[in-house]
Amino acid sequence: MPTRPARDPAEITIERVSVLYALESEATPLVERLGLQEQPAVDPQLRPRHFAGTVGTLHVDLLTLGRDPRSGTERVGTDAATMGAYMGVRKLSPDLLLNAGTCGGFEAEGAAVGTIYVSRGDLLFHDRRIPIAAFRQQAEGRWPGTPAPRLAQAIGAREGVVSSGNSLDCLPGELEFMRRERVCAKDMEATAIAQVCVQCGVPFVAVKAVTDLVDHPEPVQDAFLRNLRMVSALLAERMEAGVRWLGAHPRRAGDL
Ligand code: SAH
């Protein structure tokens with residue numbers, strides 16, 4: 001059977017965007033701002049929340065990762081993110097996938113609560129260690145995001161390195177890795193989603209808003225819980241600007 005030539009992701013014209021959030025509290029303010037309507041679950045088992053609407057020339061789908069069936073808490077972390085991203089790509093065929101959400105920031109990189117980052121360069125995993133040379137790249141991720149300096153400007157975000165792992169706190173070795181790599185945003189989903197997008201040929205950008213500071217004496221969970229609502233509202237305001245910029249006229253993924 002003849003295989004279709006893979007399309008160059010930079011040449012994709014963005015007419016459909018999927019925005020993937022982990023937490024409903026992060027997503028709800030953008031659903032309200034864009035007037036998106038809830039859709040039937042795209043998957044009856046995982047039951048992510050799915051909202052959709054139109055913004056200018058753009059069809060917008062917004063997905064969350066659903067809830068843990070035992071505890072009822074929202075799904076977070078890289079396994080849920082991988083499943084959610086693959087499902088979103090297969091069912092919704094986006095021309096661009098955005099992962100929006102909160103993150104830990106770094107005072108050493110000039111961040112404060114409320115600073116917003118758009119992913120720059122490769123996305124990393126800071127908590128995967130396989131000390132065998134051939135497996136190192138797989139462990140550390142290093143999945144390229146789509147460069148998006150103009151989108152960052154439309155959002156009012158800085159560009160910075162994003163790294164994902166499966167813990168809210170962090171071990172000394174992980175902190176050392178993130179310092180070395182000049183990581184600006186530490187989250188639990190973005191790199192897993194980047195990995196799916198690269199392999200499926202879908203342009204990918206992460207947009208992360210700082211709720212807590214990793215290199216600060218206050219435990220991150222305290223700052224995270226205190227700031228989640230306020231920072232999610234701020235992120236939604238900036239995400240609305242970004243989505244409206246994307247919907248002003250069709251843009252190539254290479255022109256983000
Ligand atoms: N109990 C919380 C659990 C959220 S886990 C709740 O449900 O309200 C933290 C989430 O915020 C993850 O989705 C992660 O991507 C993001 N996040 C915010 N600050 C983070 C940090 N310092 N490290 C890792 N992830 C962080």
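Indexing begins at 1, ligand by ligand and atom by atom, following the structure's order. Throughout, numbering of the chain's residues begins at 1 and tracks the sequence.
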Novice: For Thr102 and ligand 1, answer yes if some heavy atom of the residue is under 4.0 Å from a ligand atom, otherwise no.
Specialist: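 Distance cut 4.0 Å: Thr102 passes for ligand 1.
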Novice: Is it the side chain, the backbone, both or neither of Cys103 that has a heavy atom closer than 4.0 Å to ligand 1?
Specialist: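 Backbone only.
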Novice: Polar contacts were defined as any N/O atom of the residue lying under 3.5 Å from an N/O atom of the ligand; does this apply to Glu74 and ligand 1?
Specialist: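 No.
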Novice: Using a 4.0 Å heavy-atom cut-off, which part of Asp187 comes near ligand 1: side chain, backbone, both, or neither?
Specialist: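 It is both backbone and side chain that touch ligand 1.
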Novice: Any sub-3.5 Å donor-acceptor pair from Glu240's side-chain atoms to Ala236's backbone N or O?
Specialist: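 Not a single qualifying donor-acceptor pair exists.
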Novice: Under 3.5 Å, is there a donor-acceptor pair between the side chain of Asp61 and the main chain of His50?
Specialist: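 Not a single qualifying donor-acceptor pair exists.
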Novice: Under 3.5 Å between some N or O of ligand 1 and some N or O of Phe224?
Specialist: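 It does not: no N or O of Phe224 is found under 3.5 Å from an N or O of ligand 1.
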Novice: Provide the number and element of each atom of ligand 1 under 4.0 Å from a heavy atom of Ala22.
Specialist: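 This gives 13 (O) as the contact atoms.
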Novice: Can you tell if the side chain of Tyr21 reaches within under 4.5 Å of the side chain of Met239, non-hydrogen atoms only?
Specialist: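 In short, these two side chains touch, coming nearer than 4.5 Å.
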Novice: For ligand 1, which atoms sit closer than 4.0 Å to a heavy atom of Val76?
Specialist: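 That gives atoms 13 (O) of ligand 1.
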Novice: Tell me the contacting part of Thr211 for ligand 1: side chain, backbone, both, or neither, using a 4.0 Å heavy-atom threshold, strictly below.
Specialist: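 The side chain, only.
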Novice: Among Leu213, Thr78, Asp212, which one puts a heavy atom closest to atom 22 (N) of ligand 1?
Specialist: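 When every heavy atom of Leu213, Thr78, Asp212 is considered, Asp212 comes closest to atom 22 (N) of ligand 1.
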Novice: Identify the heavy atoms of Ala194 and Leu123 that sit nearest to each other, and give their distance.
Specialist: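 Heavy atoms of Ala194 and Leu123 come nearest at CB-CD1, 4.0 Å.
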Novice: Any atoms of ligand 1 less than 4.0 Å from a non-hydrogen atom of Gly104? List them with their elements.
Specialist: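 Those atoms are 19 (N), 20 (C), 21 (C), 22 (N).
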Novice: At a 4.0 Å threshold, what atoms of ligand 1 neighbour a non-hydrogen atom of Glu189?
Specialist: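 Those qualifying, in numeric order: 12 (C), 13 (O), 14 (C), 15 (O).
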Novice: So is Lys208 polar-close to ligand 1, meaning N/O to N/O under 3.5 Å?
Specialist: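 Checking ligand 1 against Lys208, no N or O pair falls under 3.5 Å apart.
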Novice: What do you think, any protein heavy atom under 4.0 angstrom from atom 1 (N) of ligand 1?
Specialist: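 For atom 1 (N) of ligand 1 the answer is no, since every protein heavy atom stays at 4.0 Å or beyond.
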Novice: Between Ser167 and ligand 1, which residue portion shows a heavy-atom distance shorter than 4.0 Å: side chain, backbone, both, or neither?
Specialist: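 Near ligand 1, Ser167 shows its backbone, while the atoms from C-beta on stay back.
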Novice: Tell me whether Asn99 contacts the main-chain N or O of Leu20 through its side chain, where contact means a donor paired with an acceptor under 3.5 Å.
Specialist: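 Yes, because the side chain of Asn99 sits within donor-acceptor range (under 3.5 Å) of the backbone of Leu20.
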Novice: Answer yes or no: is there a donor N or O on one side and an acceptor on the other, between the side chain of Glu26 and the main chain of Thr102, under 3.5 Å?
Specialist: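 Flag set: sc Glu26 to bb Thr102 pair under 3.5 Å.
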Novice: With Phe106, which of Leu213, Val183, Thr115 fulfils side chain to side chain contact (heavy atoms under 4.5 Å, CB included)?
Specialist: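 Answer after filtering Leu213, Val183, Thr115: Val183.
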